[in-house]
Amino acid sequence: MTDQNSLLAQWAAEREVRRFLYREAALADEHDYAGWLALWAKELVYWVPANADDIDPGRKVSLIYDDRKRLEDRLFRLGTAFAHAQRPRSRLSRTVSNIELLDYDPARGGTVQSRFLIGELRRDEETWWIGRARHVLVKEGERLLMKEKHVFLLRNAATVRNLTFVI
Amino acid sequence: MNQPDIEWIRPAAERMIGDLVQPDRVHSRVYTDPGIFELEMARIFGRVWVYVGHASEIPNPGDYLVRRIGKTAVIFVHGRDGVRRVLLNRCRHRGAEVAESEAGNARQFTCWYHGWSYDNTGKLIGITQPGGYEDQGVDMARMGLTEAPRFDSYRGFHFASLAASGPALMEELGATAASLDIVVEASPVGEIFVDAGHHKTAYRGNWKLVGMDGYHANYVHASVLATWERDPEAGIGSTHRDDPYSDPALSRVRHLGGGHCMLDFYEQRRKHYDRQLQFLKRFEGGADYIEAMHRAYGDERAQFLIATGGDPHVGIYPSLQIINNHIRIITPVTVDYTEVTMLPIRVGGMSDGLTAERLRQHESFYGPCGAGSPDDSEMFERVQRGMQAEVDPWVDLSRGMRRERREANGSTIGLITDEGTQRGQMQRWLELMSAAS
């Protein structure tokens with residue numbers, strides 16, 4: 001007989017991860033930079049590779065390769081009144097799905113993969129951003145935090161225009 | 001949008017060109033008129049030397065890239081004979097593109113429309129069912145992929161021209177050759193590599209808007225300046241210490257002739273040479289790099305090169321810029337849509353730590369997620385929309401006209417906020433556009 005406790009534990013872990021990713025998506029959609037930043041662990045990697053998914057960021061250019069310092073600078077800048085490419089701000093609505101817990105321990109965290117579809121409206125132009133995300137989550141006390149987030153854009157090798165909202 | 005009849009509008013465009021560019025102002029139509037855009041493709045991009053790529057982008061036989069000279073797609077390819085060429089990306093039979101990807105390695109290019117194939121030197125090596133041409137056959141030797149009529153390089157930077165005749169590359173590069181030297185000689189071993197990938201972005205605006213503008217920085221990039229108030233070395237802050245974009249600064253705008261322009265930060269950066277040394281030494285291999293540069297070039301030249309940081313901040317007319325750590329290629333697509341490709345430069349002889357830092361600097365400001373480029377593009381798009389107005393259609397470029405001066409070497413120099421760069425570009429534009437080939 002399948003161990004019902006382990007099934008329950010697995011379901012609870014999946015639910016916790018799902019809720020975390022939904023919360024992250026909502027904060028990003030709302031441009032709540034402080035709230036979104038609070039989801040990160042102290043040491044972090046926020047990575048959006050360019051040209052391919054599997055590049056070496058030490059050797060190849062990325063769209064974003066932020067540590068905490070660079071991410072804080074990024075969000076600070078977006079919070080000023082002069083980030084013109086976000087004036088007016090993008091109106092955003094993102095869906096997160098196909099969530100898979102890979103190498104994941106409910107007590108400590110681990111790697112999670114998901115897919116996203118982001119609708120962006122800015123001025124009169126609607127843009128779809130499609131891709132896959134990989135989160136490395138860590139459990140600190142009762143809370144899950146992001147230690148790493150890697151965003152693999154479907155179009156990372158194609159032309160990318162204004163991508164200044166939080167992806 | 002209006003799709004005017006080009007054949008109808010072309011003569012009209014020609015008649016008005018001379019009226020559209022005046023010493024101190026330019027008519028919006030220069031940036032908005034599709035007929036003028038078509039004429040630019042012929043008279044500028046169809047004529048002058050246009051940058052296609054760097055030798056290090058195609059290091060091995062078979063390596064190729066697809067680039068564009070105006071609207072003409074070309075393949076920049078390293079042939080099996082070791083020779084680099086620029087070939088038109090169209091089958092000699094019915095015109096289909098023959099390169100299947102934007103970049104790759106290919107022994108041959110096959111047009112899968114009817115199965116004609118070419119080797120990577122452009123030679124036609126096979127046609128299907130040749131009996132259809134009867135006794136005449138196909139003259140295989142003459143039906144290879146068309147080569148760009150002229151092709152030449154300087155220090156690894158390769159240019160092509162679609163015109164069979166005209167000034168030689170070095171003549172057209174003029175004073176900008178020295179700025180390419182600065183790029184290559186940022187390396188103590190005299191070698192750079194354009195092998196770090198790229199940012200490919202675009203904006204809904206005219207290609208000429210990516211100017212060399214020293215006046216915009218403090219306003220378009222006010223958000224970045226706010227970041228530098230928290231940390232002067234954040235991002236590319238170390239290359240822009242002490243407000244280089246205000247008139248009291250030592251930085252200057254220069255028109256080098258031929259529409260080639262630069263924002264000349266050398267004196268401004270030399271003032272901060274000691275801080276630049278400290279900055280470099282923070283990274284693994286930084287001290288070794290400084291020492292190697294002095295050994296390779298002697299103290300005076302090394303100081304110049306280290307202060308400049310491999311960044312001539314130059315715009316080589318019409319479509320190449322070298323800004324901070326990257327090569328920028330501006331590709332006009334339509335009168336109001338422009339692609340911009342930014343390729344970071346890896347400096348030979350630099351440590352992994354410095355190489356990574358230069359990439360992080362680039363990403364901080366440039367590309368679609370950077371703190372700078374998207375705001376520039378936003379401004380170009382606002383300009384493009386604003387310029388649709390036909391009432392009071394003039395764009396003012398008069399700033400600094402009375403205070404600029406001409407140096408003995410022929411370049412025109414102004415304070416950093418002056419518009420001598422834009423005037424220089426428009427002067428070249430008018431010269432090329434007024435002369436039928």
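So you know, we letter chains A, B, ... as the sequences are listed, proteins then strands, and number each from 1.
Residue B:E357: no heavy atom, backbone or side chain, is found under 4.5 Å from chain A. Contact of B:R358 with chain A is not made at all, since no heavy-atom distance falls under 4.5 Å. Interface remark: A:R155 contributes no atoms to any contact with chain B (heavy atom separation under 4.5 Å). Looking at B:H326, neither its backbone nor its side chain comes within 4.5 Å of chain A, counting heavy atoms on both sides. For chain B, the nearby part of A:F76 is the side chain; its heavy atoms alone come within less than 4.5 Å. At a 4.5 Å heavy-atom cutoff, the contact between A:T159 and chain B is made by backbone and side-chain atoms alike. If you measure heavy-atom distances from B:Y366 to chain A, you find no contacts under 4.5 Å at all. Of the atoms belonging to B:M342, not a single heavy atom falls under 4.5 Å from chain A. Interface remark: A:N51 contributes side-chain atoms only to the contact with chain B (heavy atom separation under 4.5 Å). Contacts between A:R74 and chain B at a heavy-atom distance below 4.5 Å involve the side chain alone, from C-beta outward. Neither the backbone nor the side chain of A:A52 comes within less than 4.5 Å of any heavy atom in chain B.
Environment of CZ in A:R91: sparse, with no more than 12 heavy atoms of neighbouring residues, nucleotides or ligands closer than 6.0 Å. Other residues, nucleotides and ligands contribute at most 12 non-hydrogen atoms within 6.0 Å of the CZ atom of A:F82. By the 6.0 Å contact criterion, CZ on A:R123 is enclosed, its count of non-hydrogen atoms from other residues, nucleotides or ligands being greater than 12. Other residues, nucleotides and ligands place no more than 12 heavy atoms under 6.0 Å from the CZ atom of A:R19. Enclosure of atom CZ in B:R282 by more than 12 non-hydrogen atoms of other residues, nucleotides or ligands within 6.0 angstrom is indicated. Heavy atoms of other residues, nucleotides or ligands lying less than 6.0 angstrom from CZ of A:R143 number 12 at most. Residue-environment remark: CZ (A:F20) exceeds the threshold of 12 foreign heavy atoms within 6.0 Å.
Ranked by heavy-atom pairs under 4.5 Å with chain A, the first of B:L359, B:T201, B:D375, B:V220 is B:D375. Interface remark: of the candidates A:I167, A:I55, A:L163, A:L163 forms the most heavy-atom pairs closer than 4.5 Å to chain B. Contact tally against chain A (heavy-atom pairs below 4.5 Å) for B:K200, B:R360, B:H362: the top residue is B:R360. Ranking A:A50, A:A157, A:A158, A:A83 against chain B, the residue ahead of the rest is A:A83, based on heavy-atom pairs under 4.5 Å. Your options are B:V340, B:D231, B:T355, B:L343, and the one with the most heavy-atom pairs under 4.5 Å with chain A is B:D231.
Between A:L63 and B:P368 the shortest side-chain heavy-atom distance falls below 4.5 Å.
Nearest heavy-atom pair across A:H84 and B:E378 is O-CG, 3.5 Å. Across all non-hydrogen atoms, the minimal contact from A:V61 to B:G197 is CG1-C, 3.8 Å. Residue B:Y203 comes nearest to A:R161 through the heavy atom pair CA-NE, 4.4 Å, listed as atom of the first residue, atom of the second, then distance. Heavy-atom minimum distance, B:G370 versus A:T164: O-CG2, 4.1 Å. Of all heavy-atom pairs between B:P374 and A:A85, the closest is O-CB, 3.6 Å. Nearest heavy-atom pair across B:R230 and A:E72 is NH2-O, 3.8 Å.
Using a 4.0 Å cut-off between charged side-chain N and carboxylate O, B:R204 and A:E125 make a salt bridge. Look at B:D195 and A:K60 and you find no salt bridge, because none of the NZ, NE, NH1 or NH2 atoms lies under 4.0 Å from a carboxylate O. Salt-bridge formation is detected for the pair A:R59/B:D352: a Lys NZ or Arg NE/NH1/NH2 atom is positioned less than 4.0 Å from an Asp or Glu carboxylate oxygen.
Side chain of B:E363 to main chain of A:S62: a donor-acceptor pair is present (N/O by atom type, distance under 3.5 Å, no hydrogens or angles).
To the nearest 0.5 angstrom, B:S364 atom OG is 15.5 Å from A:Y65 atom OH. Annotation: the span from A:N162 atom CG to B:S373 atom OG amounts to 10.5 Å, rounded to 0.5 Å.
B:D376 pairs by the salt bridge (charged side-chain N to carboxylate O under 4.0 Å, His left out) definition with nothing, not counting sequence neighbours.
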Chi angles and distances behind the side-chain hydrogen bond (donor to acceptor under 3.5 Å, both in side chains) call for A:R77, B:T227: CA-CA 6 Å; A:R77 190 191 80 82; B:T227 316; 5.9 Å; no

